[in-house]
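Okay, structure first, notes after.
Heavy-atom basis, side chains included; hydrogens, waters and symmetry copies ignored.
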Amino acid sequence: MALKSGLVGGAAALAGCIGGDSDDGNGNGNGDPGAGAGDPVDERVDERFTMSLHRGTYNMSNASWNPYDPNSAMANFDPPGLIYDPVLIHYQSHDTFQGVIADDWEKDGESVLVEFNDNWEWHDGDSVTVNDWATDLDIRFAISDITSPDSPASSYISDYEVVDDYAIRFDLHDDYSLESLLVNELAAHIMIKEDVGSPSFGEWRDDLQDAVSDEDTQVVSEFQEWSPELDEVVGNGPFEIREVTDTTFVTEVYDGHPNADNIYFTEYAIEHHEDQVLALMEENVDGISLNLPESPDVMEQLPDHYEINRDYDHLWSILFNFGNYDFPNSPVENPSNQPITADERVRKAIAYAIDREQIWASVPEEYELYELPPTFLNQTAVDEGLIDIEGYDNYDTDQDRAVELMEEAGYQRDDGQWYDEDDESAELALLAQSGTSVQVDALDSVQHQLNDFGFDASLNAVDEASYGEGRLNGDHDILFDNHPVFSIMGLTFVDFVWDWFSQLNHADYENTDWEVPAEIGNPDSDTTEVNVMDQIDQLHLTGDNEHLRQLTWWYNQALPMYGCVIAGDYGAIRSEDWHVDAPDEMLDNRVGEFNLVKVPDGELIPRQ
């Protein structure tokens, strides 16, 4: 189920490399690094590779180095991905795994044994052991016991036991699939070392565990507000801290790292730039993590480059309001709008009535047309054969079918306008954020197309605060919003995604049984009932793609959203000065700029 390819033996198991300079991975050319570019060096040279800080405007020298900082400073700060290594890597779009610190993991019933490679060491020379991971878990479980005593600290892990310095066993709440556990729990960075800090993480761990019986939330607050000093921070990744200023984070190769022999430059720096794309265009940095593609004229001005993180896509969709305002965690107070899109036939009629190519033509040029049937999927997932979409409805423009569905829903068209059984016009409220051009431009096209079809559609473009409040209150029939399609697991395993969907769709996914055709791929088959969260739970437990197929089929037939355009969000590394080669898995997914230097099947090499 998992691809176990640790650094020692088997790292070459990941195949499908991009082919180096001959690959068409270049965003504005044929992948050729350009005339005069040298060959990759064959030994380490005194060279600095510089990435732009991917987000955040922190004072780097005062950033928090406590992973439990409630402001999540570390999650928005690139250096942790550079100086710390993960247990394993999950390549999201391809659903494959590669061991890093861990070189083996094995499931036995309701427990999983994870074994660390004994070649890893902290930058102070101490070995990285599972005791470091256990310290992190001790802190996490103690905080949960204090602040949320009635809820488990982990949805998966009930308990854990250090077997020896390099093996840890996790007991699970249920017989979850190994893949689900790897994705959601084990693909974590090892960032806590027991003796780091003053007081140390170990001392904080002891204080937190002592506070559990007293339910002492003050200790939690004090810990979360604390951070090790910068000169106390110790990493375990391929680079260690050398110098930090307000705008630049400079690291140097740590020769004790197992992949150090495959690193052919001496320094890796991360710099803050207000405009990352401009910094790349003006060659002030060697690479950026995200923010491409830009408009065609900007792309033409970029230097020749390799694409990285190239599958980090978001799908912008027509998102329908189901009008269910009375369910646990519903954000609505005193709702007034009763959307006609609560009727599945109306949603499908809208999809058939519009031409998404017209929507695509209306939005900024950097967006791409989404040509797949409505599902959670991106093209990589389909190409990889994750789901067979044969028989899924694409909802291509079909005015006759749209008319049939409206009439089945009880509407009649008179003089080109649709009316319900009470002779009220079929109104549609479209809500957009005025400062987000893709929303306004797309819904402007939708409005015109639906008015031509006979709806009474109005577009309300409001400021950011009003949009946030309006969509949560259900003051709309249609939004044009986005959700990620780079990770099918992210959409099916992460609870907050569905909490978010429910607050936008106003659908009670937890307690609703949806009636869909029973035979996947056959819209004309007899119907069956599907509970979305039950299917997700079964996918949790079994790892069986049949449940994934059922979820995508439900999505296709219930039509909570109708995908229209893809917003790519990939990064780039300049090819004139740097050679890049790696498996597709590594380049398609997030943080390729770090993984290229962590494992031997990634290459980031300066040119002569």
Side-chain angles (χ1 to χ4, degrees), residues 66-75 87 90 107 109-112 114 133-162 168-189 191-192 201 204-226 326-332 472 489-504 507-512 531-543 547:
N66 181 356
Y68 291 92
D69 175 356
N71 295 317
S72 300
M74 291 186 76
V87 176
H90 173 221
K107 186 171 181 290
E110 294 183 13
S111 72
V112 172
V114 179
W133 201 2
T135 299
D136 190 350
L137 291 162
D138 289 342
I139 291 171
R140 173 182 169 188
F141 274 64
I143 291 174
S144 176
D145 287 343
I146 295 169
T147 60
S148 305
D150 297 327
S151 302
S154 166
S155 298
Y156 297 83
I157 298 169
S158 62
D159 203 358
Y160 48 93
E161 175 192 6
V162 172
I168 185 169
R169 183 177 298 280
F170 295 96
D171 294 325
L172 310 180
H173 291 295
D174 209 331
D175 189 15
Y176 296 111
S177 72
L178 179 59
E179 183 178 26
S180 178
L181 181 69
L182 294 176
V183 170
N184 291 284
E185 284 285 1
L186 305 189
H189 282 80
M191 293 191 288
I192 285 182
F201 279 110
W204 278 113
R205 185 251 341 265
D206 295 342
D207 289 346
L208 288 163
Q209 289 182 331
D210 290 343
V212 170
S213 59
D214 299 330
E215 300 180 358
D216 188 354
T217 58
Q218 182 62 31
V219 177
V220 176
S221 298
E222 291 172 357
F223 169 64
Q224 291 176 333
E225 292 170 0
W226 166 86
D326 186 20
F327 63 91
N329 300 320
S330 171
V332 180
L472 293 181
M489 292 304 166
L491 285 168
T492 55
F493 287 134
V494 182
D495 291 341
F496 79 82
V497 171
W498 288 92
D499 290 340
W500 176 65
F501 281 164
S502 69
Q503 293 182 13
L504 301 184
D508 184 3
Y509 292 109
E510 186 75 37
N511 300 302
T512 301
N531 182 286
V532 170
M533 302 312 291
D534 285 349
Q535 291 294 323
I536 292 174
D537 287 344
Q538 288 303 306
L539 192 55
H540 256 316
L541 290 167
T542 67
H547 300 292

Quick one: list whatever passes side-chain contact (heavy atoms from CB on, under 4.5 Å) with Glu215, sequence neighbours left out.
none

Heavy-atom side-chain proximity of [X] to [Y] below 4.5 angstrom:
X	Y	value
Asp171	Glu110	no
Leu181	Leu186	yes
Ile139	Ile192	yes

What about the rings of Trp204 and Phe201, do their centers lie closer together than 6.0 Å?
no

Asp145: salt bridge (charged side-chain N to carboxylate O under 4.0 Å, His left out) partners, not counting sequence neighbours:
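Scan of Asp145 (salt bridge (charged side-chain N to carboxylate O under 4.0 Å, His left out), adjacent residues dropped) gives none.
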
Return the set of residues passing salt bridge (charged side-chain N to carboxylate O under 4.0 Å, His left out) with Asp175 (not counting sequence neighbours), or none when no residue passes.
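If we apply the salt bridge (charged side-chain N to carboxylate O under 4.0 Å, His left out) test to Asp175, skipping adjacent residues, the hits are Lys107.
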
Asp214 atom CG, over 12 foreign heavy atoms within 6.0 Å
yes

What's the spacing between Leu541 CG and His173 NE2 if we round to 0.5 Å?
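Between atom CG of Leu541 and atom NE2 of His173 there are 12.0 Å.
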
Parallel, tilted or perpendicular: which describes the rings of Trp226 and Phe223, with under 30° parallel and over 60° perpendicular?
parallel

Plane angle bin for Phe170 and Tyr160 - parallel if under 30°, tilted between 30 and 60°, otherwise perpendicular:
tilted

Where do His540 and Tyr156 land on the side-chain contact (heavy atoms from CB on, under 4.5 Å) test, with the steps shown first?
CA-CA 9 Å; His540 256 316; Tyr156 297 83; 2.4 Å; yes

Take Ile157 and Phe141, measure what side-chain contact (heavy atoms from CB on, under 4.5 Å) needs, and give me the verdict at the end.
CA-CA 10 Å; Ile157 298 169; Phe141 274 64; 4.0 Å; yes

